[in-house]
Amino acid sequence: MADPLIPWRGDLAAKIQPQIPHAARIWNYWMGGKDNFEADRTAGDAVAAVYPEIVTMAAQSRKFLIRVVRHLAAEAGIDQFLDIGTGLPTMQNTHEVAQQVMPHARIVYVDNDPMVLVHARALLSNTTPQGVTAYVDGDYHEPELIVEDARNVLDFTRPIAVMFMGVLGYVEDFAVMRSIVSRVMDAVPSGSYLVLWDGTDTGETVNEGSEKLAESGAVPYHLRRLDQLAECFADMELVEPGLVPITRWRPDTDDAPWIDAHGAVARKP
C-alpha cells in the first residue's frame, strides 16, 4: 500500500465543527450513513421536506460512480483515477471498483475537509497488493497544486480519468468552475477522460431544496443549467449516451428514475 500523501495530523479532529451543517456530512446522512451530527440531519431534513428526491439523488450518485468507473476500467482500459472532492468514504469507493477490474489501478483522492481527512486512512486501503491508493490534502480552487501532488502517484504521460462527482456546485461562479475543470484537463494527456455531474436547475422543487440548504447555514449549492454543464465538455468526445440524468447513463435497469442531476463522461482527444 502506498504511503499517504498527507501527514496524519492529530489536530484535524479539532477542526471539525459539529454545530455547523456540513456538506459532506449532510450528503452522508442522505446516503444513510452515520458520519453526521444533529445539525447535519436537521439541514438534510429541511431540504428533503421540500425536495424528497434528494435522498434518491444521493443513492443514485453512488450507482453512477460505480457504473462509470467500471466502464472506464473494463472497456476504456483506464487504470489511473483522480477523484477530486471525494467526500466521506462509503460503500464501493472509486479504488474498490477500479481495482476489481484493474488490480494494478492507481487512485488519488483529493479533499481538504477536516472530517474527510480524519477518515482518509479508511480510504487508503488497497483491495489488491498491486494497486495504489493515495490521498491529497488539496482544494480544487488550486488545481495546479493538486496536479503537482498527484504526479507523485499517477503517470501523467498516460491517460487518467478525472472525476468531479457532484462537488462543483459549491463553486458560486460558473466561470471559476469552468476554469477549475479546464486547468486539470489541460494537465492530463490525450486519451484521458472527464467524468462530471452536478445538480441541475431542471425543476421547481430542486430549487426550493437549494434555498433550504442555504437557509440552514450550510455552504450553498449552486444548481447549474444544462448548457453550462455541456460547456465543461467542450472540445471533448462524449461517451454515449452523452449528457443525461445520472440515473440514465448506461443504467442497469430499464426503469431508471429521472432526477435533477446530470452528468457525462467524455474523452480528451
Side-chain angles (χ1 to χ4, degrees), residues 23-24 26-33 47-48 51-76 78 80-102 105 107 109-111 123 140 160-170 177 181 184-185 192-203 206 209 221 223-226 228-230 232-233 236-267:
I26 295 171
W27 197 253
N28 176 267
Y29 173 55
W30 286 329
M31 292 187 72
V47 175
Y51 185 62
E53 294 86 353
I54 191 64
V55 177
T56 300
M57 186 186 297
Q60 290 292 335
S61 69
R62 179 58 44 165
K63 294 181 179 180
F64 174 65
L65 180 149
I66 293 168
R67 295 196 305 274
V68 165
V69 173
R70 187 179 295 141
H71 164 78
L72 290 173
E75 299 183 40
I78 298 297
Q80 301 190 106
F81 294 81
L82 181 57
D83 188 341
I84 301 176
T86 183
L88 288 164
T90 183
M91 296 292 291
Q92 290 292 283
N93 299 289
T94 299
H95 74 284
E96 295 170 314
V97 179
Q99 290 172 356
Q100 285 174 358
V101 180
M102 292 275 198
I107 292 84
Y109 293 105
V110 181
D111 213 301
L123 276 173
Y140 53 49
I160 296 169
V162 176
M163 303 168 61
F164 292 99
M165 307 298 276
V167 298
L168 291 177
Y170 297 107
M177 170 189 168
V181 175
V184 177
M185 293 309 296
S192 294
Y193 285 82
L194 170 64
V195 184
L196 185 151
W197 79 265
D198 266 313
T200 50
D201 64 348
T202 44
V206 70
Y221 188 94
L223 301 169
R224 303 300 181 194
R225 303 191 312 269
L226 291 182
Q228 290 177 321
L229 290 188
C232 293
F233 299 95
M236 302 184 71
E237 302 165 354
L238 283 171
V239 174
E240 289 293 333
L243 179 61
V244 295
I246 58 174
T247 50
R248 298 186 179 180
W249 195 92
R250 305 194 176 200
D252 296 324
T253 62
D254 295 330
D255 59 347
W258 193 98
I259 59 174
D260 300 293
H262 288 66
V265 179
R267 181 181 182 275

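All residue numbers refer to positions in the sequence shown, counting from 1. All heavy atoms count here, side chains included; hydrogens, waters and symmetry mates do not.
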Nearest 0.5 angstrom please: [X] [atom1] to [Y] [atom2], how far?
X: Q100; Y: R70; atom1: CD; atom2: CZ; answer: 7.0 Å
X: L65; Y: D83; atom1: CG; atom2: CG; answer: 6.5 Å
X: I66; Y: N93; atom1: CD1; atom2: CG; answer: 9.0 Å
X: D201; Y: L226; atom1: CG; atom2: CG; answer: 7.5 Å
X: T94; Y: Q99; atom1: OG1; atom2: CD; answer: 10.5 Å

Requested in this report: Would you confirm whether Y221, through its side chain, and G199, through its main-chain N or O, come within 3.5 Å as a donor-acceptor pair?
Outcome: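 Judged by distance alone, yes, a pair lies under 3.5 Å.
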Report task. Look only at the side chain of Y109 and the backbone of H95, and say whether a donor-acceptor pair between them is shorter than 3.5 Å. Result ->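 Such a contact is found between Y109 side chain and H95 backbone.
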Not counting sequence neighbours, which residues clear side chain to side chain contact (heavy atoms under 4.5 Å, CB included) with [X]? List them please.
X: N28; value: D35, N36, L88
X: V181; value: F164, L168, M185, L194, L196
X: A230; value: L243

So which heavy atom on [X] is nearest to which on [Y], and how close?
X: W197; Y: G263; value: CB-CA, 3.6 Å
X: F81; Y: A98; value: CE1-CB, 3.6 Å
X: V195; Y: L72; value: CG2-CD1, 3.8 Å
X: A266; Y: F233; value: CB-CD2, 3.5 Å
X: I78; Y: M102; value: O-CG, 4.1 Å

For residues [X] and [Y], determine if any side-chain heavy atom of one lies less than 4.5 Å from a side-chain heavy atom of the other.
X: I84; Y: V167; result: no
X: L229; Y: M177; result: yes
X: M163; Y: V68; result: no
X: D198; Y: Q228; result: no

Sequence neighbours left out, cut at 3.5 Å: what donor-acceptor pairs do the side chains of residues 254-261 make with other protein atoms?
from, atom 1, to, atom 2, distance (Å)
D255, OD1, T253, OG1, 2.8
D260, OD1, T202, OG1, 2.6
D260, OD2, Y51, OH, 2.8

Among residues at least two apart in sequence or on other chains, which ones pass salt bridge (charged side-chain N to carboxylate O under 4.0 Å, His left out) with [X]?
X: R250; value: E75
X: R67; value: none
X: R225; value: D227

**Report entry** Those residues that, when tested against Y140, pass ring pair (Phe, Tyr, Trp, His ring centres under 6.0 Å) (two or more places apart)
**Finding:**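 Counting only residues at least two positions away or on another chain, Y140 forms no ring pair (Phe, Tyr, Trp, His ring centres under 6.0 Å).
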Using a 3.5 Å cut-off and no angle test, enumerate the donor-acceptor pairs between side-chain atoms of residues 52-63 and protein atoms at least two apart in sequence or in another chain.
from, atom 1, to, atom 2, distance (Å)
S61, OG, A58, O, 2.7
R62, NH1, Q92, O, 3.1

